[in-house]
There are 2 protein chains.
Amino acid sequence: MSKKLEDIHKRHAMIKDLISSQEIFNQTQLVKAMKQKGIKSTQATLSRDLTELGVVRVPTSTGLIYKLSATGDETNLKYRVAEEIISVAGNESVIVVKTYPGRAQGVAVFIDKQNDLDTLGTIGGDDTIIVIPKSVKKIKKTIEQIKIILGIK
Amino acid sequence: MSKKLEDIHKRHAMIKDLISSQEIFNQTQLVKAMKQKGIKSTQATLSRDLTELGVVRVPTSTGLIYKLSATGDETNLKYRVAEEIISVAGNESVIVVKTYPGRAQGVAVFIDKQNDLDTLGTIGGDDTIIVIPKSVKKIKKTIEQIKIILGIK
DNA sequence: AATATATTTGCATAATTATGCATAATCTTG
DNA sequence: CAAGATTATGCATAATTATGCAAATATATT
């Protein structure tokens, strides 16, 4: 297992921990709070982390604070989407996802939302989606990722 | 009635409308969108409005966009209800709440739910609500409480 | 292991948002 | 209606956040 990946995970976990246990008003404050907990990073990195974690800055009576955005149906959605997929396959240049009739649009939107997928974009018809990878070299990997995210084989 | 209050309400309504009907990425874009709809304002004012409306900026696959924060959130409901109220006043026997057209029912339900209010009940029409206090002696106090709960003056 | 690919990070800075202050608009009270 | 008080707004700018780029680190391939 990658040391780096562990670190990122640790940092993300710490961020979630901090923003849910205390009022964090801005990113420099977060930098300091993390430092106290033994994790050093910079405002720039945290800005990216917050985006990845889907954290929002909400107005409250005490000021703008960071909060984890409401999740919950995410896992559920995943299941439903997975059930609509027939197959995921690729050739040398694109990935093709087959779905049950009329389901392609919804699945395509879901795939688009997974911003940890290295895709340029998707086009969905009625029962077929074309996924354009960032690079043709990533096709295999991306197919794997899609399958992993959706928990299918 | 105040011209100004109407304008603010209109602007707030427009903001909610715009951010829920299209992707608004930043405040200058919002300024332009509002202008097209005939409401002129500045980035500074909109910044304040967004805070008042409890709007959040959430990360999505297409970038950071503004969204009304999760419904069901109590604080939020409060904001929205408060937005619909024009005035709260009383005479020697009842309290009258004036709202924007068609909003009275919703506001009345909200007031009913506040069980720390010393009221016997409410009757709501289209834009007016009559609130019956437990005792006429509590009218002043109850008006105050309503205003405090909703954070209005 | 060596080389090639890909990812993460920090720095510097651009982009964006929030706010103090002065002014204008509105409201209140006499 | 006038005078004073309050609230809303815009301007200028401070505060904060996001990002291009290059270096560092990690991963994959042979």
Side-chain angles (χ1 to χ4, degrees), chain A residues 1-12 14-15 19 23-35 39-67 115-120 133-142 144-145, chain B residues 1-12 15 19 23-35 39-67 82-83 86-87 89 147 151-153:
Chain A
M1 177 60 140
S2 147
K3 166 94 166 33
K4 198 126 216 188
L5 271 180
E6 270 180 39
D7 285 351
I8 293 175
H9 185 261
K10 215 175 193 171
R11 203 178 59 230
H12 280 195
M14 175 68 68
I15 290 171
I19 68 177
E23 295 196 324
I24 301 289
F25 296 95
N26 57 53
Q27 296 174 6
T28 54
Q29 181 193 346
L30 187 53
V31 170
K32 286 173 193 165
M34 305 268 297
K35 197 173 180 180
I39 294 183
K40 220 176 90 181
S41 70
T42 64
Q43 175 269 323
T45 298
L46 293 182
S47 171
R48 291 170 183 127
D49 287 342
L50 291 171
T51 295
E52 284 160 18
L53 290 170
V55 169
V56 299
R57 201 164 175 231
V58 326
T60 72
S61 52
T62 48
L64 289 157
I65 70 173
Y66 285 105
K67 280 230 165 83
N115 41 13
D116 48 340
L117 280 180
D118 289 328
T119 59
L120 287 181
K134 275 218 180 101
S135 159
V136 294
K137 291 175 184 168
K138 295 193 175 174
I139 288 180
K140 271 197 165 178
K141 203 172 175 183
T142 303
E144 280 317 303
Q145 287 180 312
Chain B
M1 190 213 285
S2 150
K3 166 96 165 32
K4 201 126 212 191
L5 270 181
E6 268 181 42
D7 285 352
I8 293 176
H9 184 261
K10 216 177 196 169
R11 204 179 57 231
H12 279 193
I15 290 172
I19 68 177
E23 295 197 323
I24 301 289
F25 296 96
N26 56 53
Q27 296 174 6
T28 53
Q29 182 193 346
L30 186 54
V31 170
K32 285 174 195 165
M34 305 268 297
K35 197 174 183 180
I39 295 183
K40 219 175 90 180
S41 71
T42 64
Q43 176 269 325
T45 298
L46 293 183
S47 172
R48 291 171 182 124
D49 287 342
L50 290 171
T51 294
E52 285 160 18
L53 291 171
V55 169
V56 299
R57 201 164 176 232
V58 324
T60 72
S61 54
T62 48
L64 288 156
I65 70 173
Y66 284 105
K67 279 233 165 84
E83 282 268 304
I86 293 169
S87 67
K147 288 183 174 178
I152 57 181
K153 296 192 194 101

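Since we're looking at a predicted model, the values are computed, not measured.
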Problem - Heavy-atom donor-acceptor pair, Arg57(A) side chain to Phe25(A) backbone, under 3.5 Å - result: yes
Handout entry: Sugar-phosphate or base contact per nucleotide [nucleotides 15-21 of chain D; S, B, -; heavy atom under 4.0 Å]
Key = -SBBBBB
Completion exercise
note: Ile39(A), atom CD1; dG10(C), atom P; distance rounded to Å ~ 12 Å
Problem - Residue-phosphate contact under 4.0 Å: Arg11(A) side-chain N/O, dT8(C) OP1/OP2 - result: no
Problem - Axial bend angle, the helix from dA1(C)-dT30(D) to dG30(C)-dC1(D): five-pair end segments, nearest 10° - result: 50°
Exercise for the section: Grab the NZ-C1' distance between Lys40(A) and dA24(D) for me, whole Å please. Expected result: 15 Å
Handout entry: Partners meeting side chain to side chain contact (heavy atoms under 4.5 Å, CB included) with Thr28(B) (sequence neighbours left out)
Key = Asn26(B)
Problem - Residue whose nearest DNA chain C nucleotide is more 5′ - Ser41(A) or Lys141(A) - result: Lys141(A)
Handout entry: Validation row: Tyr66(A), Leu30(A) side chains within 4.5 angstrom (heavy atoms)
Key = no
Handout entry: Sub-4.5 Å side-chain heavy-atom contact between Lys67(B) and Val56(A)
Key = no
Handout entry: Results of side chain to side chain donor-acceptor pair (under 3.5 Å) for Gln43(B) - residues two or more places apart only
Key = Gln27(B)
Practice task
List for me each residue that meets side chain to side chain donor-acceptor pair (under 3.5 Å) alongside Ser41(A), sequence neighbours excluded, and say none if there are none.
Solution key: none
Handout entry: Rounded distance (Å) that lies between atom P of dT7(D) and atom NE2 of His12(B)
Key = 15 Å
Problem - Inter-residue atom distance Leu64(B).CG - Ile24(B).CD1, 0.5 Å rounding - result: 13.5 Å
Handout entry: Under the side chain to side chain donor-acceptor pair (under 3.5 Å) test, residues paired with Glu23(A) that sit two or more places apart
Key = Thr62(A)
